[in-house]
Amino acid sequence: NRSSDLRRIDMARGKSVLLLFDVDGTLTASRLPITPEMKEFMASVRSRYAIGLVGGSDLSKILEQMGGEDAIHAYDYVFAENGLVAYKNGQLLAIENIKKFIGEEKLKRLINFCLKYIADLDIPIKRGTFVEFRNGMINVSPIGRNCSQEERVAFFEYDKAAKIRAKFVSALEREFADFGLKFSIGGQISFDVFPVGWDKTYCLRHVEKDGFDVVHFFGDKTFEGGNDYEIFADSRTVGHSVRNPDDTRRILEEEFMQSS
C-alpha cells in the first residue's frame with residue numbers, strides 16, 4: 001500500500017520531494033514507447049522519490065507509450081490531459097471536463113454563438129462538424145472538420161490572408177470576456193476553446209494537498225509557447241529542461257540518485 005508512502009523523504013535534503021515528468025520527448029523518444037532500460041531506471045527512482053507523469057494526451061495514449069496498463073501502478077501519480085483525468089496510487093482521483101466547469105447554460109450560449117457566426121460566414125466552402133466536443137476543450141472549425149485534405153490545405157491558405165479564425169476568436173473574446181476562457185488558434189482549420197489555466201499547471205492542484213516540500217518538473221518543450229512552459233516556469237515547481245530521455249536520466253543520476 002503506497003498511499004501512506006507518497007511523501008518519501010530525500011534523506012540528503014531532509015525534504016519530501018515529488019518528481020513530475022512529461023512523457024513524449026522526456027521519458028520516451030517522440031511518439032515511441034518507453035525503453036525497458038528507462039522503465040527499469042524509473043522504478044529505481046521511485047524507490048527514493050514520489051514520481052508522477054503529466055501528459056497532454058488521453059490516458060490510453062499515455063499508458064500505451066509507457067509500456068501498457070501496468071504503468072498506472074508504476075507511478076504515484078498519472079495525470080492525463082494535463083491533469084483533467086488524474087490517478088493517484090492507480091486509483092481515479094478526479095476527472096474534470098469543460099461542460100462541468102462552465103455549465104450547460106454558458107456552454108449553450110457559446111455554441112449557439114459559434115454556429116450563428118459560422119452560418120453568416122462567407123467562405124468558399126463549408127462541410128460538417130463545426131463544433132467538436134473534447135474532454136477539456138471545444139474545437140471550433142469554420143470550414144468543418146469533415147473537409148478533405150485538399151480542402152483543409154485550401155482553407156489554410158485562404159485563412160492566411162482572410163484571417164477568418166483570428167476575426168472569429170476576436171469576436172468570441174469580446175462576447176465572452178467574463179467566461180474565463182482561452183481561445184487558441186492551432187493547426188490548419190480550427191481553434192480550441194478551454195478554461196484559462198487548463199495547461200499542465202492544472203495537475204498541481206492535485207498534489208498540493210499532499211504536502212510535498214519540493215515539486216520538480218522535467219520536460220522537453222519548456223520554451224515559451226511549448227506545452228511544458230507553464231508548469232516549467234510556475235513558482236510552485238523547480239523546472240528542468242531536457243533534450244531527450246537520455247538527458248533526463250543523466251540529470252536524475254547526477255542530481256538525484258547519488259548516494260548521500
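The figures that follow rest on heavy atoms only: side chains count, while hydrogens, waters and symmetry mates do not.
Note on ring orientation: taking the six-membered ring where Trp is involved, the planes of Tyr77 and Phe79 are parallel (angle under 30°, cut-offs 30° and 60°). Ring-plane geometry between Phe256 and His216 is classed as perpendicular, the angle between the planes exceeding 60 degrees on a 0 to 90 degree scale with a lower cut at 30.
Met66 CE to Phe21 CZ: the interatomic distance, rounded to the nearest 0.5 Å, is 9.5 Å. Expressed to the nearest 0.5 Å, how far CD1 of Ile143 lies from OG1 of Thr129 amounts to 12.0 Å. Taking CG of Asn97 as the start and CZ of Phe133 as the end, the distance is 7.0 Å to the nearest 0.5 Å. Note that CG of Asp120 and CG of Leu115 are 11.0 Å apart. Values are rounded to the nearest 0.5 Å. Put simply, CG on Leu181 and CG on Asp192 are 12.0 Å apart, with the number rounded to the nearest 0.5 Å.
For the pair Lys88 and Asp210, the salt-bridge criterion is met [side-chain N within less than 4.0 Å of a carboxylate O]. Using a 4.0 Å cut-off between a side-chain N of Lys or Arg and a carboxylate O of Asp or Glu, Arg205 and Glu208 do not qualify as a salt bridge. Ion pairing of Asp246 with Arg249 is absent here, as no side-chain N (NZ or NE/NH1/NH2) approaches a carboxylate O to less than 4.0 Å.
Residues Met38 and Thr28 have side chains not in contact (no heavy-atom distance under 4.5 Å, counting atoms from C-beta outward). Contact check for Lys221 versus Asp22: no side-chain heavy atoms found under the 4.5 Å cut-off.
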**Message:** Between Leu84 and Phe194, does the side chain to side chain contact (heavy atoms under 4.5 Å, CB included) criterion hold? Intermediate values first, please.
**Reply:** CA-CA 12 Å; Leu84 298 176; Phe194 53 89; over 6 Å; no
message: Quick one, Phe113 with Phe176, criterion ring-ring contact (aromatic ring centres under 6.0 Å, His included). Give me CA distance, side-chain angles, the key distance, then yes/no.
response: CA-CA 10 Å; Phe113 183 92; Phe176 300 102; 5.4 Å; yes
Test side-chain hydrogen bond (donor to acceptor under 3.5 Å, both in side chains) on Asp228 and Thr222 and set out the steps. CA-CA 5 Å; Asp228 294 324; Thr222 57; over 6 Å; no
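Of the candidates Ile95, Ile62, Val78, Ile95 is the only one forming a side chain to side chain contact (heavy atoms under 4.5 Å, CB included) with Val85.
Around CD of Glu253, the count of heavy atoms belonging to other residues, nucleotides or ligands within 6.0 Å exceeds 12.
Shortest non-hydrogen contact noted between Ser16 and Gly211 is OG-O, 3.6 Å. Taking each heavy atom of Val242 and Asp247 in turn, the nearest pair found is CA-OD2, 3.4 Å.
Taking the ring centre of Phe179 as origin, the terminal cationic atom of Lys106 falls inside the region bounded by 6.0 Å and 45° from the ring axis.
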